[in-house]
Amino acid sequence: MSPFQMKFTSIMMEMTVEEKKIIKRLDKCDFTEIHKYFVDKNEARKALPKEEKQKLKEEADRLQEEFGYCILDGHREKIGNFKTEPPGLFRGRGDHPKMGMLKKRIMPEDVIINCSRDSKIPEPPPGHKWKEVRFDNTVTWLASWTENIQNSIKYIMLNPSSKLKGEKDWQKYEVARRLKGVVDKIRFQYRFDWKSREMRKRQRAVALYFIDKLALRAGNEKEEGETADTVGCCSLRVEHIQLHHELDGQEHVVEFDFLGKDCIRYYNKVPVEKPVFKNLQLFMENKDPGDDLFDRLNTSTLNKHLQDLMDGLTAKVFRTYNASITLQEQLKALTSAEDNIAAKILSYNRANRAVAILCNHQRATPKTFEKSMQNLQTKIDAKKEQLAMAKQELKRAKADAKARKDVKSKSNVDKKKKLLAKLEEQLMKLCTQATDKEENKQVALGTSKLNYLDPRISVAWCKKFGVPVEKIYNKTQREKFAWAIDMADEEFEF
DNA sequence: CGAAAGACTTGGAAAAATTTTT
DNA sequence: AAAAATTTTTCCAAGTCTTTCG
């Protein structure tokens, strides 16, 4: 049974009286034919002749050109998502209570346009009207509508390459850099608060320790039954941790096991400082598994406290700070100036990976992983064979040169030496690739690279070690991080 | 004040595009 | 030139945090 056959009430509601006469139970329906119809349609599109595909692409480009840009403060800026989302079945992630509900088509009558008073106001499609046209320059969105599944607002906003988003991004990292200046004090403070007479403070201090040490998310409370059951730091429940006085030779170990954002599992066994352990025991006393671990704490009181410690400080700043500082430290520790470019890039990826692991950015093992690993191994074996051959040839050439002592045979030795060196370098590169791939099997690097790592750290590293920025950031990423590429020299320090 | 609404950032998977291999 | 592998882009949410409302 497909996941969607679980939840059909919203579809039943959309059916006409006539349809309801024919279809009484959706779970008894056979959908294989309609499924096949869409699969075939997809195939047909793929099999289209070249010219037809070209035409389709041109049409898409035309749409992008006409609707994909706006003028902000006199500059033409790219829009991130310039189309509304099409109707369809809501999937959601993990065990979502609303899975399979019908997502309705967005009509012009649902859409609010936000633009300048003196701009050319976009025309609604013929025969339609916008819900509203407003001129609010205190917000950044260009259009919005309310989506019918969660009843939340969706927005049309600018692309990350825009000046507006770039400046916001820069600000974000500047806040994180300010945290660097006060983090020692804050750490001292929360250690002190572990002993507070007030339970409220103790919980806050332990939670903050987790957020800082383990890069947990804040964990806002969620409306039950509206979304999948996931948690962050403040919303952890007793059932999500287990205490071990001693485990695998370590003392005071906390075993975390819970579903975080997007239902990604967080599993970790962490030795903690003794007062934390004692406090956790206290927090768990006389509670059921389903009870809140931090019953005297929520994200808004935590953030209020953080605001008092530093202007602009919130829980997520710790994630940004710890991610960026980790990248910087790891790059420093792993990079050697005398390495070749491939080895330096491996070092970069490893530093990036350390951050992704800290932030728990996981991915499913790619479907083709095993095979592609095997292919790589085959290449390595072939290269090794070539190398062995080249070694023999060099040996022979040397013997030959020794016997004949002429110019020609000497230059032949040089040639063989060069070949050998080239093959060795190629083998090294392949092995490096294999290592990188294996270590990256279940780690997703993209999110940290895009959202947590101050791009100036990477740019400075590139400049310092002579690695072209294109090796680290692709075109889109370079556009997003244009501000940093512009700004950072090799001396930049986070 | 707490709850709801609003605005904006962060997230992995799937689709599409591009590159490499056969 | 087709197929396979890899990289990039799109998709569609799901979080965080701020503002507004009752």
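Labels below follow one simple rule: chain letters A, B, ... track the order of the sequence lines, proteins then strands, and each chain is numbered from 1. The shown structure was predicted, so the numbers you read here are calculated from the model rather than taken from an experiment.
At a threshold of 4.0 angstrom between heavy atoms, the contacts of G92(A) are confined to the sugar-phosphate backbone, with no base atom among them. Across all strands shown, L450(A) has no heavy atoms under 4.0 Å from either base or sugar-phosphate atoms. Across all strands, T368(A) comes closer than 4.0 Å to no nucleic acid atom at all (heavy-atom distances). Residue contacts for R93(A): at a heavy-atom cut-off of 4.0 Å it reaches a base atom on one of the strands shown. A315(A) comes within contact range of the sugar-phosphate backbone alone, with a heavy-atom separation under 4.0 Å but no base atom that close. At the heavy-atom level, K165(A) lies under 4.0 Å from the strands shown only through sugar-phosphate atoms. At the heavy-atom level, P86(A) lies under 4.0 Å from the strands shown only through sugar-phosphate atoms. Residue-level contact check: G219(A) touches the backbone only, with heavy atoms under 4.0 Å from sugar-phosphate atoms and none from bases.
Using a 4.0 Å cut-off, some side-chain N or O of K379(A) falls inside it from OP1 or OP2 of dT21(B). A sub-4.0 Å separation between OP1 or OP2 of dT7(C) and a side-chain N or O of K475(A) is absent. The phosphate of dT10(B) (OP1 or OP2) has a side-chain N or O of K316(A) nearer than 4.0 angstrom. Put simply, K437(A) has a side-chain N or O that comes within less than 4.0 Å of OP1 or OP2 on dT6(C). OP1 or OP2 of dC8(B) lies within a sub-4.0 Å distance of a side-chain N or O belonging to T140(A). For the OP1/OP2 pair of dG15(C) and a distance below 4.0 Å, the side-chain nitrogens and oxygens of N220(A) include no atom meeting the criterion. Applying the 4.0 Å criterion to OP1 and OP2 of dC17(C), one finds that T299(A) has every side-chain N and O outside that range. A sub-4.0 Å separation between OP1 or OP2 of dG11(B) and a side-chain N or O of R319(A) is present. One finds a side-chain N or O of Q150(A) lying less than 4.0 angstrom from the OP1 or OP2 phosphate oxygen of dA14(C). An OP1 or OP2 oxygen of dG6(B) is reached within less than 4.0 angstrom by no side-chain nitrogen or oxygen of S152(A). Note on K261(A): every side-chain N or O is 4.0 Å or more away from OP1 and OP2 of dG12(B). Proximity of T314(A) to the phosphate of dC17(C): a side-chain N or O atom is located under 4.0 Å from OP1 or OP2. Applying the 4.0 Å criterion to OP1 and OP2 of dA7(B), one finds that K154(A) has every side-chain N and O outside that range. Here H96(A) reaches the OP1 or OP2 of dA14(C): one of its side-chain N or O atoms lies under 4.0 Å away.
For A218(A), the side-chain atoms get nearest to dC17(C) when compared with the rest of dC17(C), dG15(C), dG12(B). Taking the side chain of K168(A) as heavy atoms from C-beta on, and the options dA7(B), dC8(B), dT16(C), the nearest nucleotide is dC8(B). Taking every side-chain heavy atom of K222(A) into account, dG15(C) is the closest of dT10(B), dG15(C), dA13(C). Relative to the side chain of Y155(A), the nucleotides dA14(C), dA7(B), dA13(C) differ in distance, and dA7(B) lies closest. In this structure, the nucleotide among dA7(B), dG15(C), dT10(B) sitting nearest to the side chain of T230(A) is dG15(C). You'll find that the side chain of M157(A) is closest to dA7(B), out of dT9(C), dG12(B), dA7(B).
Nearest-nucleotide assignment on DNA chain C puts the 5′-proximal partner with K103(A), out of E221(A) and K103(A). Nucleotides of DNA chain C nearest to Q307(A) and N375(A) differ in position, and the one nearer the 5' end is that of N375(A).
Put simply, CZ on F90(A) is 9 Å from C1' on dA14(C), counting in whole angstrom units. Whole-Å rounding puts the L164(A) CG to dC8(B) P distance at 8 Å. Taking atom CG on N114(A) and atom P on dC8(B), their separation rounds to 10 Å, with Å as the unit. Remark: P of dT21(B) and CG of L430(A) are 10 Å apart, rounded to the nearest angstrom. Between the P atom of dT10(C) and the CG atom of N474(A) lies a distance of 12 Å, rounded to the nearest Å. If you measure from atom CG of N81(A) to atom P of dA7(B), you get 15 Å, rounded to the nearest angstrom. Rounded to a whole Å, the CG atom of L306(A) is 15 Å from the C1' atom of dT18(C).
Applying the side-chain hydrogen bond (donor to acceptor under 3.5 Å, both in side chains) test to pairs two or more places apart or on separate chains, those with a residue in residues 227-239 of chain A are K222(A)-T227(A), K222(A)-T230(A), D229(A)-R237(A), R237(A)-E239(A).
R204(A) pairs with exactly one of E198(A), H305(A), R296(A), M199(A) by the side chain to side chain contact (heavy atoms under 4.5 Å, CB included) rule, that one being H305(A).
Taking the ring centre of Y473(A) as origin, the terminal cationic atom of R478(A) falls outside the region bounded by 6.0 Å and 45° from the ring axis.
Side-chain contact between W170(A) and R456(A) is present, with at least one heavy-atom pair separated by less than 4.5 Å.
Ring pair H96(A)/F90(A): centre-to-centre distance below 6.0 Å. Between F82(A) and F67(A), the gap from one ring centroid to the other reaches at least 6.0 Å.
Smallest separation of non-hydrogen atoms from N349(A) and D436(A): ND2-OD2, 2.8 Å. Listed here is the closest heavy atom pair of F210(A) and V276(A): CE2-CG1, 4.3 Å.
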